Amino acid sequence: MDVRSLEFKQRSVIALDEPNLQKALKQGKAGFQGNRARAIDLVPEWQQIRSDAKVMKDHTLENLDYYLLQYEAAVEANGGKVHWAPTAADANRIITELVTNAEAKLVVKGKSMVSEEVALNSALEAAGVQTVETDLGEYIIQLAGEPPSHIIAPAAHKTKEQVSDLFEKAHGGPRIEDRPGLVTQARHVLREKFMTADIGITGANLFIAESGQHVLVTNEGNGDLCSSVPKVQIVITSIDKIVPTLEDAAATIRLLARSGTGQHISNYTSLYGGPKAADELDGPEQYHVVLVDNGRSTMLGNAFRDMLRCIRCGACMNHCPVYGNVGGHAYGWVYPGPMGSVLTPNMVGLEQTMDLPNACTMNGRCAEVCPMSIPLPDLLREHRRLQFQRGLGGKVARGTLAAWAAVAKKPSIYQTLTRPAVKVMSYFGGKSGVYKTLPGLGSWTSQRDLPAPQGDTFMAQWRKQQKSKKS
Amino acid sequence: MSVDSSGVKSQVGLFVTCLVDLQRPSVGFAAIKLLELAGCDVDVPATQTCCGQPAFNNGDFDSAAALARQTIAALEDYDYVVAPSGSCAGTLKCHYPKLLADDPDWAARAATFADKVHELMSFLVDVRGLQPTALNAQFNANATYHDSCSSLREMGVKEQPRTLLQGVAGLEVVEMEDTEVCCGFGGTFCVKYPEISARIGSDKLSNAKATGADVLLGGDLGCLLNLSGRARREGTDLRVFHTAEVLAGMAERGIGEEIE
Ligand code: SF4
């Protein structure tokens, strides 16, 4: 998928005035935030589960090599196969080979953000394979030819009316307006695909080292049909999704469902581990897991390791005031919102994503709600540090900030320079009390008035007071 | 309460913050009045300027560290360091120790210093036990209070200003929807992404207006300048003050208000 993160500024401004998007975002936000808050209120030990999960995941990452090998051995013991994909291209090559070897014509897919990350669908398309997304949200955006705008609700930017339009065009009339009707129609269309597909590809929310199983969490059951009906099952996931034990998986699922959709548990939480055994009636004949690295092992060794705890629940974006106003597409790649602004520069390069770490007010609500206690603002600030270090970014802004810092480092010069400036601004601010425009401060005054300073500086007034007290 | 057992008053070094110094000194004087009411001796060392947060949040850690050393040297000898701003206090308390962690001469000093730092409202209530009944302030208004992000999340400020505001005669505080959501200021964010910032600010203003309040209060001047400026631009009729000004009985001309 093309990286369009450098267009963040333009696209975000357009998004602010897009009525359908704004409507969808407002509805989504209210639902996500309210449901999460209600679900968490019912779990008094929430903060404890949260901090235990952090400890568990930090330990796992510290010993990632050990657990990954343990997992591989367990999968093989179950009769499955693990494929290692250092890069996105490797992942696509491996899966395309598996698909062509099976002479597959039709692939059904469950929602997988890692497959979006590596752009698997276009790779399969290039190999002449038809791929049908079966998660309702993914199905909608596949029909619309758009990327996802949210990691757990890919069509979060679409209103019901827009979905009606899309379905009418794709499925033929009559136009359906109600939600259950739309879902039923999609279900009919997709049911046939499940039954005729040669291969099912899904992601994995987690995978378990001790048992060689992966966990799939969905609300529609589509992932389970993808996993159990076709003859070949392929799972694409990333190395950071591993947990050591089944207990660890259970604890993580408690956090995931509540943080994401505000459910106690998702409608379908399934464990898979290997192909159909000789004495089993159904299930796939082959079970393949493609483990994608794509920059993660680099993050393991740098300042971004904390980000590898992410369980992709989406809570950070659901509580982000920037995401909540501009939506996911403005971020220009696969992962939007706070977690995306940390991940994307790591995966596609800081030069391609200049705005992402900066388009954040540092309000900290994302870190507050993150079930894995990821210090998202600190990680965004780390990207800013790297940008500064490499001399990336606007010269004017850098110059202004450098001048401010230089003056602030010399208290007497600071006081000598600021006092006349403040007095002049206070004087010319005059009766109205604000500036409507001010040279050099256009970015402030384009959207707001600038309150004029009260008069003299605090420091000057304080000095005067102290003097008169002494005399 | 006003003196310790030996009869010595607590010495407070006030970190004025650059925005208060330049934009709105009345917040600094209100802070001093409240601190004295809470039994402290207040001093304002002249070698302080800006806490370095703009540099820090824009990735210039060297400049931020230089300002951190300067601020620590200016204020570390007081019993307490108090700032009328959650975000500046948060920089001093939460970020200086990280910034200077690898500096052998300063790491320990930064950590000791951090323990002394408080945001004004939480210092008055949590450390000094100031009671609302001890205030001597009148302000006839319906107000709503905006929880600025660093005050709330870095400095643990939530109930303290609300508790103290109960002691202001004539004042009614009504809670708004989404009071814990950002106002869109975000330091340099507001000039880098003015349109997004303005939208977030407008959402905050409409939540504030929806309570029927005619006054908006908060504890961080950055947020208040942003919100008052946006209110003036939109034509939203809301007076904006720093909480300290109201508590000290020093709320006269609101931020960005016309001179009568
Ligand atoms: S960063 Fe935290 S809140 Fe955001 S998706 Fe990952 S786990 Fe969820």
Side-chain angles (χ1 to χ4, degrees), chain A residues 9 12-13 16 321-322 325-326 355 358-365 367-368 381 383-389 397-398 401-402 404-412 414-415 418 421-422 430-434 441 443-444 446-459 461-463, chain B residues 16 18 20-26 28-29 44 46-50 52 54-61 63-64 66-67 70 149-150 153-154 180-182 184-201 203 225-226 228-230 232-233 253 255-259:
Chain A
K9 265 190 186 143
S12 63
V13 172
L16 288 172
V322 176
N325 277 296
V326 306
D355 279 307
N358 292 295
C360 160
T361 66
M362 295 273 155
N363 65 82
R365 207 162 171 230
E368 182 180 76
R381 194 187 293 105
H383 278 311
R384 297 180 189 184
R385 189 182 73 81
L386 294 170
Q387 289 180 338
F388 183 86
Q389 213 177 45
R398 283 173 78 96
L401 283 162
W404 172 252
V407 170
K409 278 184 238 175
K410 302 264 184 306
S412 58
Y414 166 91
Q415 280 158 27
T418 51
V422 161
K431 213 171 120 10
S432 83
V434 288
L441 282 173
S443 315
W444 178 285
S446 71
Q447 301 294 328
R448 353 169 165 67
D449 292 358
L450 179 69
Q454 267 173 338
D456 207 346
T457 63
F458 175 91
M459 285 309 210
Q461 295 184 51
W462 168 259
R463 253 198 318 273
Chain B
V16 180
C18 56
V20 168
D21 179 36
L22 307 179
Q23 262 287 348
R24 207 163 165 85
S26 59
F29 290 109
V44 189
T47 48
Q48 58 174 295
T49 61
C50 163
F56 182 54
N57 277 342
N58 283 282
D60 180 2
F61 283 24
S63 295
L67 288 168
Q70 173 176 295
C149 301
S150 308
R153 301 197 176 87
E154 290 185 341
E180 295 189 358
V181 172
C182 177
F185 172 61
T188 49
F189 172 85
C190 75
V191 287
K192 284 183 182 166
Y193 305 94
E195 295 86 359
I196 306 174
S197 163
R199 177 65 57 84
I200 303 174
D203 289 349
L225 290 168
N226 174 47
S228 61
R230 184 67 195 161
R232 280 293 296 270
R233 179 62 57 90
R253 184 156 69 103
I255 301 171
E257 259 172 41
E258 283 178 53
I259 300 173

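Remember, predicted model here, so these are calculated numbers, not experimental data. Chain letters run A, B, ... following the sequence lines, proteins first and then strands; every chain starts at 1.
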Contact part of [X] toward chain B, heavy-atom cut-off under 4.5 Å: side chain, backbone, both or neither?
X	result
A:L401	side chain
A:N358	both
A:K9	side chain
A:S446	both
A:Q387	neither
A:D355	both
A:Q415	side chain
A:A359	both

> So, do A:P411 and B:T49 sit near enough that their side-chain heavy atoms are less than 4.5 Å apart?
Replying inline: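 Yes. Closest side-chain heavy atoms under 4.5 Å.
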> Side chains of B:V44 and A:F458: closer than 4.5 Å at any heavy-atom pair?
Replying inline: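 When only atoms from C-beta onward are counted, A:F458 and B:V44 do touch, with a gap below 4.5 Å.
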Between [X] and chain A, with a heavy-atom cut-off of 4.5 Å, which part of the residue counts as in contact: side chain, backbone, both or neither?
X	value
B:D203	side chain
B:V16	side chain
B:S26	both
B:E154	neither
B:R153	side chain
B:E257	backbone
B:S150	neither

> What do the steps show when you test A:Y414 against A:M459 for side chain to side chain contact (heavy atoms under 4.5 Å, CB included), and what is the final call?
Replying inline: CA-CA 11 Å; A:Y414 166 91; A:M459 285 309 210; 5.6 Å; no
> Please walk me through it: do A:R384 and B:N57 pass side-chain hydrogen bond (donor to acceptor under 3.5 Å, both in side chains)?
Replying inline: CA-CA 7 Å; A:R384 297 180 189 184; B:N57 277 342; 4.9 Å; no
> Should A:R448 and B:N226 be marked as a side chain to side chain contact (heavy atoms under 4.5 Å, CB included) after you check the CA-CA gap, both sets of side-chain angles, and the distance that decides it?
Replying inline: CA-CA 7 Å; A:R448 353 169 165 67; B:N226 174 47; 2.7 Å; yes
> Would A:V322 and B:Y193 satisfy side chain to side chain contact (heavy atoms under 4.5 Å, CB included), going step by step from the backbone distance to the final call?
Replying inline: CA-CA 10 Å; A:V322 176; B:Y193 305 94; over 6 Å; no
Verify, without hydrogens or angle tests, whether [X] (side chain) and [Y] (backbone) share a donor-acceptor contact under 3.5 angstrom.
X	Y	result
B:R199	A:N325	no
A:T361	B:F185	no
A:R398	A:F388	yes
A:Q461	A:G455	no

Any idea which of [options] has the most non-hydrogen atom pairs under 4.5 angstrom with chain B?
options	answer
A:A405, A:C360, A:S412	A:C360
A:A421, A:A397, A:G364, A:G433	A:G433
A:N363, A:V434, A:V326	A:N363
A:V422, A:V407, A:L16, A:D456	A:L16

> Judged by modelled atom types alone, do B:D21 and A:T418 share a side-chain donor-acceptor pair under 3.5 Å?
Replying inline: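 The criterion, which ignores hydrogens and geometry beyond distance, is not satisfied for A:T418 and B:D21.
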> Checking side chain to side chain contact (heavy atoms under 4.5 Å, CB included) for the pair A:Q447/B:E195: CA distance, chi angles, key distance, verdict?
Replying inline: CA-CA 7 Å; A:Q447 301 294 328; B:E195 295 86 359; 3.6 Å; yes
> Do you know which of B:A198, B:G28, B:P54, B:C190 has the most heavy-atom pairs under 4.5 Å to chain A?
Replying inline: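 Top count of heavy-atom pairs under 4.5 Å with chain A: B:C190.
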